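These figures come from a predicted structure and were not determined experimentally. Every heavy atom of this structure was used, including side-chain atoms; hydrogens, water molecules and symmetry mates were not.
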Amino acid sequence: MKPFFLNRWTLLGIFTALSFIVYGRSLNYDFVYDDLWRIKENPALVESIHNPLDFFRDPDIQSTEPAMNKQTYRPLMALNFAFERALWGKDPAPFRFINLLFHGWNGFLVMVLAAEILGLSLLAAFAAGCLFLIHPVQVETAVWVVERSNILSLFFILLTILCWNEFRKGGRVKYLISSYGCFICGLLFRETAVCIPVLVFFIDYYHSRFRNSKLNSPPNTAPQSLLWPQYLGFASVVGAYLILRFSVLGVFKQTAFWGGGFLTNTLTVFAAFPTYLSTIVFPSVLSPNYSLPVAQKLTDIRFLSGLFLFIACSGVIIYCRTIAWRVSLVFLLFIISWIPASGLIPLQTIFADRFLYPMMVFAGCGVGLTIEWLALRVKTSALRFVLLGILSIWTLGLLWKTETYIPAWKTELSLWSHAVQVDPHDYFAWFCLGLEQQQKAEKAGSKTDSAKLALAAEASYKNALKGRMKPDFAGEVFLKIAKMNLLSGDVKAAAEHAQRGIILRPDLKGDWEVSMRELKLLHSH
């Protein structure tokens, strides 16, 4: 391990450079999706910058969307964006620069974790960090500005684990305090950091029970049985965070998943598990939004296949504990990091590329273990060459997929055009595409361009209506179609769609009347 530490700054520079090489062209991309109401169009960031404590007690500073502010408690993210708004205004390039900088540093920390926690060789640990950095599912987190919360939360998760590891090796209090401090920061950037105490506990358990002297296990490492007071410290941080979160939001969890009751939610959680695994191995379909169907019955084939895969992973964890403890630990840490994003802790979304960001740490470690196994255990050079060749081709395929997916995030229009291409049945993606086309129609310089864009928006909204959406949402869509009818000059169709929309959403009748007056005034000019 000595050469590794001698070259740590060089390796940090390599990972930082690699992050900018892979994702650097996104620096000049526009703000998209949640960036708009969390950063660009959020005046609360500017108004509250002089009162930092407000970010911890007023969730409405987070965005201009009240419903969104009731679901998340990420005060450090909002405070971070407020400082950046004060520094460089609404220019998205510096925001993305910070994202890519910390994404590169996370890749470096993954390498350090693989070397320190799993005892991997420098080459295998480096490969683990590289896979984490370049995998296609990381595009959403690295390029989407608001996913800074994901990036920095993981940054502090990794620092927490590494500081704790140093404390356990030497008993120095500064590392214990640092681990608690990093844990608090991780939680206040994103709630998924709540899994840290469980990660730490099982890493300690495996090191106490299974790690041997051949892997440089320090002789003065503290026995796990003496660490319960420190574990209680982690538990106290979680308790304090939940109390703070409840006092501000009034809830412990996020909005319940849209699947329905407890049974359907749980079935759908396991039905989605294969999607997590397949997206890591073969990420052929990537999108800012996924419409996974709800699993309704215990006999649902998607639930059964997901349950089978989950049991298989659990079987690997149990079987490999003594014969290949590192394999067992990687599978276990992967499962633990999946739980906060799985929906078992109720979320509004059951699956997203960004949810895989912490899980890719342990997927990368798994690849590192595979490379070390090939180097040490496969004695036949021809077989080793073939297996390494397959692994190299797979990695190059991932890199190619990353490079081809990045441009989808250039603008709001390109993002949702991509989303409906990969999933033509995604009604929410069609709705978002319609919104962007509608905005362009309303800002068009000529009536001809306006009418053309209005027809495109109307078609997108109609495609959205083909999905299984809630009646109140459908009412909003009908009213947007009516507005596009007016823009394209079809008054009769506008009246019909408006009538349907107002029946479903009577609360929007006043907004519709205002829109009619505005459009009449616009056409009169």
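- Ring geometry for Phe431 versus Phe428: interplanar angle of 30 to 60°, hence tilted.
- The CG atom of Asp58 sits 8.5 Å away from atom CG of Asn69, with the distance rounded to the nearest 0.5 Å.
- At a cut-off of 3.5 Å, with distance as the only test, no side-chain donor of Tyr290 or Asp426 sits close to an acceptor on the other residue.
- Ring geometry for Trp144 versus Tyr33: interplanar angle under 30°, hence parallel rather than tilted (30 to 60°).
- Aromatic ring centres of Phe155 and Phe189: separated by at least 6.0 Å.
- A donor-acceptor distance shorter than 3.5 angstrom exists from the side chain of Ser305 to the backbone of Arg302, with no hydrogens or angles considered.
- Relative orientation of the Phe81 and Phe95 rings is tilted, given thresholds of 30° and 60° on the angle between their planes.
- Note: Phe20 and Phe97 meet the aromatic proximity criterion, with ring centroids under 6.0 Å apart.
- Under the 4.5 Å side-chain criterion, counting only non-hydrogen atoms from C-beta, Pro75 is in contact with Phe56.
- No side-chain heavy atom of Asn80 sits under 4.5 Å from any side-chain heavy atom of Leu76.
- With Asn463 contributing its side chain and Ala459 its backbone, the two residues share a donor-acceptor pair below 3.5 Å.
- Looking at heavy atoms from C-beta onward, Ile406 lies in side-chain contact with Arg25 at the 4.5 angstrom threshold.
- Atom CG of Leu398 sits about 12.5 Å away from atom SG of Cys130, to the nearest 0.5 Å.
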* Begin with the C-alpha distance, continue with both residues' side-chain angles, and end with the deciding distance and a verdict on ring-ring contact (aromatic ring centres under 6.0 Å, His included) for Trp105 and Phe102. => CA-CA 5 Å; Trp105 292 357; Phe102 276 94; 4.9 Å; yes

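- Under a 3.5 Å cut-off, the side chain of Ser19 and the backbone N or O of Phe15 do not form any donor-acceptor pair.
- In this model, no donor atom of one side chain and acceptor atom of the other lie less than 3.5 Å apart for Thr264 and Gln296.
- Between the side chains of Trp409 and Ser414, no donor-acceptor pair is found at a separation under 3.5 Å.
- When all heavy atoms are compared, the tightest approach of Thr411 to Val32 is C-CG1, 3.5 Å.
- For the pair Arg148 and Glu84, the salt-bridge criterion is met [side-chain N within less than 4.0 Å of a carboxylate O].
- Nearest heavy-atom pair across Leu133 and Gly104 is CD1-CA, 3.7 Å.
- Separating the CG atom in Leu79 from the CG atom in Leu188 is a distance of 10.5 Å, to the nearest 0.5 Å.
- Using modelled atom types, one finds no donor on one side chain facing an acceptor on the other under 3.5 Å when comparing Thr64 with Asn42.
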* Walk me through it: do Thr404 and Lys401 pass the test side-chain contact (heavy atoms from CB on, under 4.5 Å)? => CA-CA 5 Å; Thr404 56; Lys401 182 66 178 178; 4.2 Å; yes

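- Remark: Asn289 CG to Cys432 SG distance equals 7.0 Å, nearest 0.5 Å.
- With ring centers used as reference points, Trp430 lies 6.0 Å or more from Tyr427.
- Using the six-membered ring where Trp is involved, His103 and Phe132 have ring planes that are tilted, between 30° and 60° apart.
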* List the steps and the verdict of side chain to side chain donor-acceptor pair (under 3.5 Å) for Asn106 and Tyr357. => CA-CA 10 Å; Asn106 281 346; Tyr357 194 68; 3.1 Å; yes

* Go through Tyr23 and Asn99 one step at a time and tell me if the side chain to side chain donor-acceptor pair (under 3.5 Å) criterion holds. => CA-CA 10 Å; Tyr23 303 98; Asn99 272 31; over 6 Å; no

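- Atoms OG and CZ, from Ser314 and Phe331 in turn, are 10.5 Å apart once rounded to the nearest 0.5 Å.
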* To do: I would like to know whether Arg74 and Glu191 meet salt bridge (Lys or Arg N to Asp or Glu O under 4.0 Å); could you show each step before the answer?
  => CA-CA 8 Å; Arg74 300 169 184 173; Glu191 48 283 330; 2.5 Å; yes

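- One finds a salt bridge joining Arg57 and Asp54 here, because a Lys/Arg side-chain nitrogen approaches an Asp/Glu carboxylate oxygen to under 4.0 Å.
- At a threshold of 4.5 Å between non-hydrogen side-chain atoms, the residues Thr192 and Ser153 count as touching.
- When all heavy atoms of Asp60 and Ala44 are compared, the closest pair comes out as O-CB, 4.5 Å.
- Within a 6.0 Å radius of CH2 in Trp394, other residues, nucleotides and ligands contribute more than 12 heavy atoms.
- Between Phe273 and Trp338, the ring centre distance stays below 6.0 Å.
- Counting non-hydrogen atoms of other residues, nucleotides and ligands closer than 6.0 Å to CD of Gln499 gives a total of 12 or fewer.
- Glu436 contributes no side-chain N or O that, together with a main-chain N or O of Trp416, makes up a donor-acceptor pair within less than 3.5 Å.
- Using modelled atom types and a 3.5 Å distance limit, the side chains of Gln438 and Tyr461 yield a donor-acceptor pair.
- Smallest separation of non-hydrogen atoms from Pro288 and Glu140: CA-OE1, 3.5 Å.
- Considering OG1 of Thr141 and CZ of Phe355, their distance stands at 10.0 Å, rounded to 0.5 Å.
- Classified by interplanar angle (parallel below 30°, tilted 30° to 60°, perpendicular above 60°), the ring pair Phe270/Phe303 is perpendicular.
- Contact detail for Glu476 and Arg505: the closest heavy-atom pair is N-CG, 3.8 Å.
- Between Glu147 and Arg190, at least one side-chain nitrogen of the basic residue sits less than 4.0 Å from a carboxylate oxygen of the acidic one, meeting the salt-bridge criterion.
- For the pair Asn150 (side chain) and Arg354 (backbone), a donor-acceptor distance under 3.5 Å is present.
- Nearest heavy atom pair, residue Leu304 against residue Thr299, reads CD1-O, 3.8 Å.
- Not a single donor-acceptor pair under 3.5 Å links the side chain of Asn51 to the backbone N or O of Leu53.
- Of the candidates Ile502, Asp490, Ile481, His497 forms a side chain to side chain contact (heavy atoms under 4.5 Å, CB included) with just one, namely Ile481.
- Between Glu458 and Lys483, none of the side-chain N atoms (NZ, or NE/NH1/NH2) sits under 4.0 Å from a carboxylate O, so this pair counts as no salt bridge.
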